[in-house]
Undergrad: 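I have a structure here, written as structure tokens, and I will follow up with some questions on it.
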Amino acid sequence: MSVKECSNCQTRITPAWRRGKNDNLLCNACGLYEKQNNKSRPFEKLKNGLTKVYKENSIVNHKCTNCKTEKTPTWRKGFNGQILCNACGLFYKQHNINKPCK
Ligand SMILES: [Zn+2]
Ligand SMILES: [Zn+2]
């Protein structure tokens, strides 16, 4: 007997199994999401193997206004409320100037 696994978020625990567009196996949440939004459910794999699912309205295309990175553990605000990545935000807080770009 093979272990069922969601092809999107890799969960093995779900109240019901669903099928995706390509007949791929999906958990209940991913299946419903794909049906409603016609796209795969966004998720992030955490280090401990658990899956964190983004809330639909929390997906914002942030970009650090200083170093242009899109990846940071947390977003910070700089002068005038500009979006800064964690590193730039901390630097700005400490030095009151924008972090010099590499
Ligand atoms: Zn899933
Ligand atoms: Zn930055």
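Atoms within each ligand, like the ligands themselves, are counted from 1 in listed order. Just so you know, these numbers come straight off a predicted model, no measurement behind them. Computed from heavy atoms alone, side chains included, the values below leave out hydrogens, waters and symmetry copies.
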Undergrad: With rounding to 10 degrees, what does the angle C85:SG / the Zn ion (ligand 2) / C67:SG come to?
TA: 110°
Undergrad: Test of geometry: compute the angle SG(C64)-the Zn ion (ligand 2)-SG(C88) and round it to 10°.
TA: 110°
Undergrad: Where the Zn ion (ligand 1) is the centre, what is the SG-to-SG angle for C9 and C27, rounded to 10°?
TA: 110°
Undergrad: Flag the pair E34 / K21 as yes when at least one side-chain heavy-atom distance between them is below 4.5 Å, and no otherwise.
TA: yes
Undergrad: Nearest 10° is fine: what angle sits at the Zn ion (ligand 1) between SG from C30 and SG from C6?
TA: 110°
Undergrad: Taking atom types as modelled, find out whether N24 and R19 have a side-chain donor-acceptor pair closer than 3.5 angstrom.
TA: no
Undergrad: On a heavy-atom basis, which atom in R41 and which in C9 lie closest, and how many Å separate them?
TA: NH1-SG, 4.2 Å
Undergrad: Once rounded to the nearest 0.5 Å, what's the spacing between atom CD of Q82 and atom SG of C64?
TA: 8.0 Å
